[in-house]
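Beneath this line is the structure, given in structure tokens, with notes to follow.
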Amino acid sequence: MIDTNKHFLRLADWSEERIVETINTAMRLKQDLKAGRPTPELQGMSVGMFFEKPSLRTITTFQVGINQLGGFPVLLAPDSIGLGKRESVKDVARCLSRWVNAIVVRCFKQNLIEQLAEYGSVPVVNALTDDYHPCQAIAFAQMIREQIGELKGKTVAFIGDGNNVANSFTALAARTGMNFTLACPKGFEQPKAFIDEMMPDFEKRGTKYRVFNDPKEAVKDADILYSDVWVSMGQEGEKDTKQSHFLPFRIDAELLKHAPSHVKVSHCLPAHRGDEITDEVMDNLELNMSYEEAENRLHAHKAVLVEVMKAYK
Ligand code: CP
Ligand code: NVA
């Protein structure tokens with residue numbers, strides 16, 4: 001039985017209070033960094049990092065962040081470890097737990113990260129799986145607070161695939177009082193079981209979860225439009241089919257005409273310019289908050305580690 005509070009496997013595992021506390025910590029750590037105040041909150045600790053999929057932002061900011069907190073990041077090469085091939089996941093988890101204080105994992109299957117949490121004894125942090133990207137949601141929330149204002153009552157229109165990023169943003173919205181709108185082609189909605197799990201939170205707060213197949217309808221009352229790649233890491237074989245379905249689900253100047261004039265745009269990155277978002281939108285730095293969000297990955301990851309270590313100590 002996994003103690004989901006000990007880990008950060010899904011945003012939906014954490015309460016509103018804990019999510020807000022983590023966003024507040026990220027904002028405080030950003031101010032500390034800018035003011036040159038030391039934050040040795042992981043002093044003497046080591047964090048194992050295992051990345052099965054490519055990464056720029058996540059792998060860089062976790063390492064830089066751990067270093068800034070006085071800890072030591074241990075980058076574990078997937079080929080060398082051979083998780084589940086050279087050695088069982090159980091044995092890797094049990095050994096690693098005896099050396100490092102936490103494990104940050106980016107992998108395909110959510111089940112793998114759950115096994116590491118089950119068999120290891122230290123906190124496990126999800127740095128993206130096929131199903132969830134909770135760290136991205138913390139950085140997104142911090143960006144909203146800084147660039148737009150309080151989360152409560154804001155509407156995010158997610159134009160794209162109903163998978164990992166959309167799922168974690170739905171959990172963020174459900175827990176913090178935001179409205180979440182997904183615009184996607186038929187058949188690319190989020191998993192029903194997950195939405196069923198989140199619905200009581202929307203109902204309790206009187207907020208809305210909506211799905212549209214027409215992106216123009218979806219953006220009408222949005223405060224922020226969000227974009228993610230049409231073809232996620234590991235789905236490369238589905239590229240041609242997905243691209244044909246997703247063609248109308250692009251954030252461009254035409255779609256923006258249907259959104260309120262105050263709307264902002266963001267993307268988790270990497271962006272496939274010309275597919276899900278145009279150059280024109282990406283390079284409009286008054287409109288596009290993706291780089292502010294990317295900057296916040298550093299602070300969000302530090303905050304997540306501080307939060308899991310606080311609960312674990
Ligand atoms: N958004 C994000 O997770 O970026 P990377 O894949 O580069 O880490
Ligand atoms: N949905 C994308 C997110 C990348 C950060 C993917 O999984 O590749």
Side-chain angles (χ1 to χ4, degrees), residues 8-11 26 47 49-66 73 75-76 78 104-113 125-144 156 158-172 180 182-185 187-191 194 224-239 241-243 245-246 249-251 265-273 275-277 282 288-305:
F8 192 47
L9 303 181
R10 309 184 314 156
L11 197 78
V47 180
M49 293 179 52
F50 178 84
F51 278 58
E52 254 182 10
K53 295 185 183 187
S55 173
L56 168 67
R57 281 146 289 273
T58 316
I59 202 163
T60 307
T61 52
F62 263 111
Q63 289 181 87
V64 172
I66 292 162
L75 206 50
L76 304 157
V104 173
V105 183
R106 169 170 286 197
C107 61
F108 292 87
K109 300 283 164 233
Q110 184 72 13
N111 176 259
L112 177 62
I113 202 164
V125 171
N126 182 345
L128 181 146
T129 61
D130 291 346
D131 299 339
Y132 304 105
H133 198 2
C135 291
Q136 188 78 46
I138 300 290
F140 170 70
Q142 184 182 356
M143 180 279 287
I144 298 278
V156 49
F158 192 102
I159 316 298
D161 203 2
N163 72 351
N164 47 14
V165 178
N167 289 341
S168 290
F169 282 26
T170 301
L172 175 77
F180 185 89
L182 175 71
C184 69
F188 294 92
E189 297 84 7
Q190 296 164 267
F194 177 67
I224 180 122
L225 309 189
Y226 207 85
S227 183
D228 184 6
V229 291
W230 292 338
V231 181
S232 286
M233 292 179 276
Q235 299 180 335
E236 290 77 9
E238 298 164 43
K239 190 169 173 211
T241 332
K242 286 196 93 174
Q243 276 191 318
H245 281 102
F246 276 93
F249 296 83
R250 167 181 292 148
I251 301 186
V265 172
S266 195
H267 191 305
C268 52
L269 306 177
H272 291 167
R273 288 163 170 252
D275 281 352
E276 74 276 1
I277 195 162
M282 279 302 290
N288 174 19
M289 297 295 122
S290 306
Y291 306 111
E292 279 72 19
E293 185 172 327
E295 179 180 343
N296 286 343
R297 301 296 300 283
L298 174 65
H299 315 295
H301 297 167
K302 289 163 74 174
V304 165
L305 287 170

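Atoms within each ligand, like the ligands themselves, are counted from 1 in listed order.
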Check your understanding: Do Thr61 and His301 meet the criterion of a side-chain donor-acceptor pair at a distance under 3.5 Å?
Key -> yes
Run through all N or O atoms in ligand 1 and write down each protein N or O closer than 3.5 Å, as a pair with its distance.
from, atom 1, to, atom 2, distance (Å)
ligand 1, 1 (N), Gln136, OE1, 2.9
ligand 1, 1 (N), Cys268, O, 2.9
ligand 1, 1 (N), Leu269, O, 2.7
ligand 1, 1 (N), Arg297, NH1, 3.0
ligand 1, 3 (O), Thr58, OG1, 3.0
ligand 1, 3 (O), Arg106, NH2, 2.9
ligand 1, 3 (O), His133, NE2, 2.9
ligand 1, 3 (O), Arg297, NH1, 3.1
ligand 1, 4 (O), Arg57, NE, 2.9
ligand 1, 4 (O), Leu269, O, 3.4
ligand 1, 6 (O), Arg106, NH1, 2.8
ligand 1, 7 (O), Leu56, N, 2.7
ligand 1, 7 (O), Arg57, N, 3.0
ligand 1, 7 (O), Arg57, NE, 3.3
ligand 1, 7 (O), Arg57, NH2, 3.0
ligand 1, 8 (O), Ser55, OG, 2.6
ligand 1, 8 (O), Arg57, N, 3.4
ligand 1, 8 (O), Thr58, N, 2.9
ligand 1, 8 (O), Thr58, OG1, 2.6
ligand 1, 8 (O), Arg106, NH1, 3.4
ligand 1, 8 (O), Arg106, NH2, 3.3

Study note, to complete from the structure: By salt bridge (charged side-chain N to carboxylate O under 4.0 Å, His left out), Asp275 pairs with (sequence neighbours left out) none
I'd like a table of the close N/O pairs between ligand 2 and the protein (anything under 3.5 Å), one pair per line with both atom names and the distance.
from, atom 1, to, atom 2, distance (Å)
ligand 2, 1 (N), Asn164, OD1, 2.9
ligand 2, 1 (N), Asp228, OD1, 3.4
ligand 2, 1 (N), Asp228, OD2, 2.8
ligand 2, 1 (N), Ser232, OG, 2.7
ligand 2, 7 (O), Asn164, ND2, 2.8
ligand 2, 7 (O), Ser232, OG, 3.4
ligand 2, 8 (O), Met233, N, 2.8

Exercise for review: Check the angle between the aromatic planes of Phe140 and Phe169 and answer parallel, tilted or perpendicular using the 30° and 60° thresholds.
Suggested key: parallel
Review point. Under 3.5 Å, is there a donor-acceptor pair between the Thr129 and Gln110 side chains?
Key: yes
Practice item. Under the salt bridge (charged side-chain N to carboxylate O under 4.0 Å, His left out) rule, collect the residues that match up with Arg10, sequence neighbours excluded. Key: Asp13, Glu197
Check your understanding: Stepwise, does the side-chain hydrogen bond (donor to acceptor under 3.5 Å, both in side chains) test hold for Gln136 with Glu293?
Key -> CA-CA 8 Å; Gln136 188 78 46; Glu293 185 172 327; 2.7 Å; yes
Point to revise | Criterion ring pair (Phe, Tyr, Trp, His ring centres under 6.0 Å) on Tyr132 and Phe194, from CA distance to verdict | key: CA-CA 11 Å; Tyr132 304 105; Phe194 177 67; 5.4 Å; yes
**Study point:** Heavy-atom side-chain proximity of Gln190 to Thr170 below 4.5 angstrom
**Key:** yes
**Study point:** Lys/Arg N to Asp/Glu carboxylate O, Lys242 vs Asp161, below 4.0 Å
**Key:** yes
